[in-house]
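Side-chain atoms are counted along with the backbone in the values below, which use heavy atoms only and exclude waters and symmetry mates. Counting convention: from 1, in listed order, for ligands and their atoms alike.
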Amino acid sequence: MVARPRFRGMPNEDQAKYWQGKGGEHWVSERDRYARMVAGFGDAVVEAASLSPGDRVLDVGCGMGPTTFAAADRVGPSGEVVGVDLSGPMLGVARERAEEAGLAHVRFEQADAQVHSFEPDTFDAAISRFGVMFFDDPKAAFANIAAALRRGGRLAFVCWQPLFENEWIMVPVAAALEHVPLPEMGEPGAPGPFAFAEQGRVEDILGSAGFKNISLEPLELPMRVGSDADDFVAFAKTSDFADTLMEGVDDATAAAAWASVREALGSYAGPDGVVLSGKTWLVTAIRP
Ligand SMILES: C[S@@+](CC[C@H](N)C(=O)[O-])C[C@H]1O[C@@H](n2cnc3c(N)ncnc32)[C@H](O)[C@@H]1O
């Protein structure tokens, strides 16, 4: 959606500010909703990484750790899972969860995966659920991740297919656009949720970073975005959706736009809540 303001300085500084601040806090406060919305995509990543007991795993952009913990289950106490993330608030939740569960083979580091000095040739697998689309320099980031993998190490992640093909975002956006102007879409491929939407670009980035056997499989799953349309609207009002579409819009227009969103989402409500589909790429590759 709208390109975020760029800050000069260290790599990914604008993303670090966002995930350390508003973005991270939003994910923490909506943690149960996000967990339920995207759980199936994490299961697919962990499965695709073919983890075995004793493996060492790197979880890139681990957030509050759901995939870190799922990987930890697979590798068992003889293995180790390291979650890295930019977001202090999200890692705070992850660390609390690890402590509560008494998991000694899980570790979290607040770091930028693009530049962090990982121990080289160490990990059997690197995984990510929606944590790899935010790099300023994705080729450098994936080269850094590749260097952390041992030879033959596996990469598995999910990223979104194009915004326009994703019902979970397009249904509410299209409804709001009946009333508000189309926002600036930003440069295609700019850091953000849809940066890896284009298959050829992902193949090029991973190939340049030294990965082989690169595969992108479409993975479409239902996403429960709210218990009902009102619940979704309350959530959307605190999210980037509101910042992007409603910024500078007068109150009456905004109210009409939210009413449209409510009505559109209502037609997807059923006994399991409001369910829309999400289209992703399940990406796998090997460090040769
Ligand atoms: C959409 S959230 C996904 C979080 C988690 N993987 C999940 O599925 O619940 C994206 C995550 O990527 C992290 N992230 C973005 N850029 C990063 C970077 N350069 N290094 C490490 N983490 C990053 C953010 O802080 C955020 O937690």
Colleague: Identify whether the distance between the nearest side-chain nitrogen and carboxylate oxygen of Glu99 and Arg95 falls below 4.0 Å.
Modeller: no
Colleague: Could you tell me whether Glu220 atom CD has more than 12 heavy atoms of other residues or ligands within 6.0 Å of it?
Modeller: yes
Colleague: Examine Phe134 together with Trp19 and report whether their ring centres are nearer than 6.0 Å.
Modeller: yes
Colleague: Please evaluate residues Phe211 and Leu149 with respect to the criterion side chain to side chain contact (heavy atoms under 4.5 Å, CB included), reporting the C-alpha separation (whole Å), side-chain torsions for both, the decisive distance (0.1 Å), and the verdict.
Modeller: CA-CA 11 Å; Phe211 284 98; Leu149 286 169; 3.7 Å; yes
Colleague: Checking Arg262 now: which residues fulfil salt bridge (charged side-chain N to carboxylate O under 4.0 Å, His left out) with it, not counting sequence neighbours?
Modeller: Asp230
Colleague: Would one find more than 12 heavy atoms of other residues, nucleotides or ligands at under 6.0 Å from atom CZ of Arg201?
Modeller: yes
Colleague: If you count only heavy atoms, which residues are under 4.0 Å from ligand 1?
Modeller: Asn12, Trp19, Trp27, Gly61, Cys62, Gly63, Pro66, Asp85, Leu86, Ser87, Met90, Ala111, Asp112, Ala113, Arg129, Phe130, Gly131, Phe134, Phe135
